[in-house]
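Values reported hereafter were calculated over all heavy atoms of this structure, with side chains retained and with hydrogens, waters and symmetry mates removed.
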Amino acid sequence: MTLILDPDDPAGWREAPPAIDAGTTGSRLTDGLNPEQREAVEYRGPALLIVAGAGSGKTRVLTHRIASLIESREAWPSQILAITFTNKAAAEMRERVQALLGESASGMWISTFHSACVRILRREAESIGLSSTFTIYDSADQRTILKRIIKELDADTMGFTPASAQAKISKLKNELADVETHARNANMNDPQEVMFLEIFRQYTRRLRAASALDFDDLIAETVYLFRAFPKVAALYQRRFRHILVDEYQDTNHAQYSLIHELTRPVPREIVDELDAHGILVRGMTDGSGAIPGASLTVVGDSDQSIYAFRGADIRNISEFERDFPGAKVVLLEQNYRSTQNILSAANAVISNNFDRKEKKLWTADGDGDKIVGYTGYTAHDEAQFIADEIESLHRAGVAYRDIAVFYRTNAQTRALEEIFVRSALPYRVVGGTKFYERAEIKDAMAYLIAVANPVDELALRRILNTPKRGIGPATETALASFAEQNELSFRQAMRAADGLGLGPKVTGAISALANVLDEAAAMLVPSAEGLEAGTNAGAAKVSDVLVFLVERSGLLDALRNSRDPQDETRAENVEELVAQTRDFDRENPGATLVDFLTQVSLVAAADELDDASGTVSLMTLHTAKGLEYHAVFLTGIEEGLLPHQMSASEPGGPAEERRLFYVGITRARKRLYLSLAMSRAQFGEVAVAMPSRYLQEIPEGLIDWRQSPGMATSRGGTQPRALNARRGEPGGAWGTRDRDLERFSVTRSDKPKTEWANRVTGTVRDNGDLTLAPGDRIRHTDFGEGKVTQVTGEGTKRIAHVSFDTAGQKKLLIKIAPIEKL
DNA sequence: GGGTGCGGTGTTTTT
DNA sequence: CACCGCACCC
């Protein structure tokens, strides 16, 4: 029988730990595991490193390990802290543990690094002089602030850009270097460094003044908190007896330090103090009166380390045994996900990275199908191949949700989306241009932030003249300097607008806005009973506050009454945001506005994935980490894209790009497609693309080239040859056989060269109310003539299923397809 | 104070 | 190509 503790129940912190009753770990939790997995579940000791190759069942091992700790009564749920890479992974892990235990195990902290830190920081905010309603600034917010600072300091003349300053500040924070630490190491004779220091100092000051933290601060400030307040740290060190970290290869120095602080023993003096404060420590101390450090389990695979650009340090995992002497290491190599052909390709590619521990994935499930390769002339050609192939997989019974398309850069979605829309292929772009990044949504969110955190000047300045109320830059500056001179916040200056001697119209507008914000703030105060009980009872719901704000501020009306046709969509987006807050209120009863803002700030791209959706998923290779699909399309496998141009100059760049390719390959269960284009439009210009060097690292026999780079380059003879296809050796590495050439020349028919370049980007058609019925014959500009076999869908989404005479079966969106009825 | 249009510029991956 | 900043005009 396991006692479940409520995480928010203060008693949970005082509850006696369960008696250790080793040996009761039910075999149920290790049944069906291989010997290595079993060992990873059952090992007990201070430190455990699970080196888990792709698809080796590490999530299974982690969930079973947690369940076994709880079931054997070695730990309460509240003593578990598990760190995952996305919120979605956290939710899944929680569900799986609960399913294993057969009861709710609330009280466990299963979350991302960032979520866990926000939770700690909001709770302990006052220790470090921060408001518990602090705002979390995203990259765009950082950029805005840095832009202002650089402009004020004229730092652009020294070559500083918001992006460069942002990167440098982020890098320092990930190394736990704050302004003063950095100042000590800086070379004050270098004017550039002096200037950077000033930018960094101002940036830090402004975030402080706004009671705001950026993403990197969330981790770094938690570490500073623990280091500066050992008694605060002790609360968490005492509580979390078992810490588990997933994707450990992608932790940066700050995250590593956080884990280090959390696993420290609590010294005897502090234990005594905790005891004096009524916090239960009996039974937790060792012979010396100290509480020993928590046990640490990390899971990772250095071959999948792909976040060096945000400070991930591969040494955290490769030197784990040195950092934690006596650590146990368990190696999981058996793969339960992919076919041997896919694994062989992955093994071959990754073996080209030197300086790695030899590890070979294997499966007992057989070779499976060959990997399919395709080289298009353009990105659209490549996309068309993918769309056709997806349709044929779908006809063969593969659900759309089991198919994913990966790419290196977000810009690559363009061509894919164009073709997918035309092919009436249901798809969803995961990540990319996010809903919350739209200007109107950021505006509405800024209203909420301004209410939740009144000292947030960035949010206030954003909404000051949105919608237009005649408050221009001059008035804004007047308010800002009035605030500074009188040591007021920007918000207080707004309330005092009457005394500023501004025009009556402007003054009225400022006061009206200040009033709306004050009224909204009043809505959020809990009732007397709520305050008494320390809950949010009686406070207005997030959706009610948002509706009040967007109505009373005039934001929604301004969009609705605008003559800009795009504003109609923007108004709908704001209404969609309202709908989202309603969902939030319903799903999180008792949650506060700050809870909502936090959740929005910390959504990861992969969190948007909806398993129930019947759509193909499109995402970057980075977002794909940790996921798996029946069929995977890796696109744009070209020099310059993978490896990316920008990585060439970075130390370790090409090796990291190879790991990215490796991650992509190992996401596939049964079918893997590798595709590329001969030419790719990069910022307007069409550039010649070469096959990626990584393609040749895959043994030839594993790939079935439907159209190889050799075949494609031979067209017209004017294109450069495939990379590394040796001169004087016909076909080179790509095996350009005559038979293929013949087949190829038939495929491309007699179209002139230029047709390939613009066949899709040309005009966006609108066939209006063209009606088609089964039996009709049509002509398509690319596919030629064909017969309509079926029409599905309604209105603008009507889809014609066409059997083309030479191009085979296709689905077309009638409204925009380049077709005519015959 | 607000709107339009020109020209310059950047250009990876993400919590 | 797309976005942003700036200058110009109302």
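- Classified by interplanar angle (parallel below 30°, tilted 30° to 60°, perpendicular above 60°), the ring pair A:F406/A:Y629 is perpendicular.
- Under 4.0 Å is where a charged nitrogen must lie from a carboxylate oxygen, and between A:E247 and A:K58 at least one such pair does.
- Checked for salt-bridge contact, A:E657 and A:R408 meet the test: a charged N lies under 4.0 Å from a carboxylate O.
- Distances from the side chain of A:F309 to the nucleotides B:dT15, B:dT13, B:dT12 place B:dT13 closest.
- Atom pair A:L464:CG and B:dG1:P shows a separation of 11 Å (rounding to whole Å applied).
- Residue A:F85 contributes atom CZ, which lies 16 Å from atom P of B:dT13 at whole-angstrom precision.
- In this entry the distance linking CZ of A:R680 with C1' of C:dC1 reads 15 Å, nearest Å.
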Where do N or O atoms of nucleotides 2-10 of chain B meet protein N or O atoms at under 3.5 Å, pair by pair?
from, atom 1, to, atom 2, distance (Å)
B:dG2, OP1, A:G470, N, 3.1
B:dG2, OP2, A:N465, ND2, 3.1

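- Using a cut-off of 4.0 Å between Lys/Arg side-chain N and Asp/Glu carboxylate O, A:R310 and A:E656 are scored as not salt-bridged.
- Here the separation of C:dC6 from B:dT11, taken at their C1' atoms, is 22 Å to the nearest Å.
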Under the criterion side chain to side chain contact (heavy atoms under 4.5 Å, CB included), I'd like the reasoning laid out for A:V688 against A:S679: C-alpha separation, chi angles, the key distance, then a yes or no.
CA-CA 4 Å; A:V688 173; A:S679 61; 5.6 Å; no
All N/O contacts under 3.5 Å from nucleotides 3-6 of chain C to the protein, with atom names and distances to one decimal?
from, atom 1, to, atom 2, distance (Å)
C:dG5, OP1, A:K147, NZ, 2.7

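- Nucleic acid contact class of A:Y307 (heavy atoms, under 4.0 Å, all strands): sugar-phosphate only.
- Considering only side-chain N and O atoms, A:S139 lies nowhere under 4.0 angstrom from the phosphate OP1 or OP2 of B:dT15.
- Partner A:M619 forms a side chain to side chain contact (heavy atoms under 4.5 Å, CB included) with one of A:T413, A:V405, A:V430 and no other, that one being A:V430.
- Here the P atom of nucleotide B:dT12 and the CG atom of A:N410 are 10 Å apart, to the nearest Å.
- Considering A:T222, A:I219, A:L218, A:T84 as possible partners of A:F113, the one that fulfils the side chain to side chain contact (heavy atoms under 4.5 Å, CB included) test is A:I219.
- At a threshold of 4.0 Å, the pair A:K88-A:E92 counts as salt-bridged, since one of the basic side-chain nitrogens sits closer than that to a carboxylate oxygen.
- At least one side-chain nitrogen or oxygen of A:R414 sits closer than 4.0 Å to the OP1 or OP2 atom of C:dA2.
- Stacking of the aromatic ring of A:F113 onto the base of B:dT15 is not found under the criterion of centres within 5.5 Å and planes under 30°.
- Ring-plane geometry between A:F196 and A:F160 is classed as parallel, the angle between the planes falling under 30 degrees on a 0 to 90 degree scale with a further cut at 60.
- Near DNA chain B, meaning a heavy atom under 4.0 Å from it, residues 618-629 of chain A has A:T620, A:H622, A:T623 in order of number.
- Remark: P of B:dT15 and CG of A:L213 are 18 Å apart, rounded to the nearest angstrom.
- Rounded to an integer number of Å, the gap from CG of A:D250 to P of B:dT13 is 17 Å.
- Taking side-chain N and O atoms only, A:N174 has no distance below 4.0 Å to OP1 or OP2 of B:dT15.
- Donor-acceptor pairing under 3.5 Å is recorded for the side chains of A:R122 and A:T598.
- With A:R462 as reference, A:D443 is the one residue of A:D456, A:D141, A:D443 to meet the salt bridge (Lys or Arg N to Asp or Glu O under 4.0 Å) rule.
- Atom pair A:R310:CZ and B:dT12:P shows a separation of 17 Å (rounding to whole Å applied).
- Residue order along DNA chain B, read from the 5' end via each residue's closest nucleotide, puts A:A474 first among A:M646 and A:A474.
- The base of B:dT13 sits with one of its N or O atoms less than 3.5 Å from a complementary donor or acceptor on the side chain of A:R408.
- Nearest heavy atoms, A:F435 versus A:L577: CZ-N, 3.9 Å.
- In this structure, A:R659 atom CZ and B:dT12 atom C1' are separated by 15 Å, rounded to whole Å.
- Each of A:D216 and A:E657 lies near DNA chain B, and the nucleotide nearest A:E657 is the one positioned closer to the 5' end.
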